[in-house]
S.K.: 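Here it is, the structure, as structure tokens.
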Amino acid sequence: MEPEFEIRLSDVMLYARHGVLPQERDLGNQYKVNVRVRIPAADFDESADDINSTISYADLYDMLSDVMSRPCALLESVAVRYAKKVRESWPQIKGGEIEIVKVVPPINGMVGQAAVSYKF
């Protein structure tokens, strides 16, 4: 098995206006997002200690914030948009996953969260 790094953003809290219902678009909701991306580590040179040899957490977050700020009816659409942008920006990525959790879904009587996960 080839060595690889997994870079993560965990429990990122963002406010966004995604959803099928009009009030979801008007009021918005709190979202918790987890991102994982895998990159090859075989050619990593720890003596160089250079950010250009990996993927910056800040860049992953900025891209996530941008994608989340654009309302969509479906969280599936948000997940695919993010995955496409990540793949376009870093073609060396071996794979990844994004999980988008709607913290307070508008479902009468439901106590809990709703989520979508997309592997890319």
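Any value given below was found using the heavy atoms of this structure, including those in side chains, with hydrogens, waters and symmetry copies removed. Count residues from 1 along the sequence.
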S.K.: Could you give all pairs that pass the salt bridge (charged side-chain N to carboxylate O under 4.0 Å, His left out) test and reach residues 9-26, with sequence neighbours left out?
M.R.: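 Found E24-K102.
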
S.K.: How long is the straight-line distance from OH of Y57 back to CG of D59, given to the nearest 0.5 Å?
M.R.: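 Spacing of CG (D59) from OH (Y57) equals 12.5 Å.
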
S.K.: Applying side-chain contact (heavy atoms from CB on, under 4.5 Å), run through T54 and I39 and close with a yes or a no.
M.R.: CA-CA 8 Å; T54 187; I39 60 172; 3.5 Å; yes

S.K.: Measuring from L14:CG to L64:CG, what's the distance to the nearest 0.5 Å?
M.R.: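 One finds 5.5 Å between CG of L14 and CG of L64.
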
S.K.: When you group the ILVMFWY residues by side-chain heavy-atom contacts below 4.5 Å and let the links chain together, are V35 and V116 in the same group?
M.R.: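 Yes; tracing contacts between hydrophobic side chains, which count when under 4.5 Å, links both residues.
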
S.K.: Could you work out the complete set of other residues in the hydrophobic cluster of M13, with links drawn between I, L, V, M, F, W and Y side chains under 4.5 Å apart?
M.R.: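 V103, V104, listed by chain and number.
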
S.K.: How far does CZ of F44 sit from CG of D49, to the nearest 0.5 angstrom?
M.R.: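 Between F44 CZ and D49 CG, I get 7.0 Å after rounding to 0.5 Å.
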
S.K.: Under the 3.5 angstrom rule, does the side chain of S65 hit a backbone N or O of Y61 as a donor-acceptor pair?
M.R.: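 Answer holds: no.
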
S.K.: Within this structure, what is the CZ-CD1 distance for the pair R87 and I93, rounded to the nearest 0.5 Å?
M.R.: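 Going from the CZ atom of R87 to the CD1 atom of I93 covers 6.5 Å.
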
S.K.: Please test K119 against E97 for salt bridge (charged side-chain N to carboxylate O under 4.0 Å, His left out), starting from the C-alpha separation and ending with a verdict.
M.R.: CA-CA 4 Å; K119 294 179 185 330; E97 182 175 3; 3.7 Å; yes

S.K.: Go through the structure and list residues passing salt bridge (Lys or Arg N to Asp or Glu O under 4.0 Å) with K32, not counting sequence neighbours.
M.R.: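 For K32, no residue satisfies salt bridge (Lys or Arg N to Asp or Glu O under 4.0 Å) once neighbours in sequence are set aside.
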
S.K.: Could you measure the distance from the CD atom of Q92 to the CD atom of E4? Nearest 0.5 Å is fine.
M.R.: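 It comes to 12.5 Å.
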
S.K.: More than 12 foreign heavy atoms under 6.0 Å from CG of D50: is that the case here?
M.R.: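 Counting other residues, nucleotides and ligands, CG of D50 exceeds 12 neighbours.
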
S.K.: More than 12 heavy atoms of other residues, nucleotides or ligands under 6.0 Å from NZ of K94: yes or no?
M.R.: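 For K94, atom NZ is crowded (more than 12 foreign heavy atoms under 6.0 Å).
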
S.K.: Once rounded to the nearest 0.5 Å, what's the spacing between atom OG of S117 and atom CD1 of I98?
M.R.: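 Spacing of OG (S117) from CD1 (I98) equals 9.0 Å.
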
S.K.: M63 and V86: side-chain contact (heavy atoms from CB on, under 4.5 Å), yes or no, with the steps?
M.R.: CA-CA 8 Å; M63 191 173 289; V86 167; 3.7 Å; yes

S.K.: For residues 89-120, which residue pairs pass the ring pair (Phe, Tyr, Trp, His ring centres under 6.0 Å) check, not counting sequence neighbours?
M.R.: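 The answer is none; no pair qualifies.
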
S.K.: Can you give me the closest heavy-atom contact between A115 and V101, atom names plus distance?
M.R.: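 Answer, listing the atom of A115 first, then V101: CB-CG2, 3.8 Å.
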
S.K.: Under the side-chain contact (heavy atoms from CB on, under 4.5 Å) rule, what do E99 and V33 come out as? Steps first, then yes or no, please.
M.R.: CA-CA 6 Å; E99 177 189 43; V33 182; over 6 Å; no

S.K.: Less than 3.5 Å apart, which donor and acceptor atoms pair up between the side chains of residues 70-83 and the rest of the protein, not counting sequence neighbours?
M.R.:
residue	atom	partner	partner atom	Å
R70	NH2	D66	OD1	3.1
R70	NH2	D66	OD2	3.2
Y82	OH	L60	O	3.1

S.K.: Restricting to pairs with a member in residues 16-40, which pass ring pair (Phe, Tyr, Trp, His ring centres under 6.0 Å), not counting sequence neighbours?
M.R.: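 For residues 16-40: H18-Y31.
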
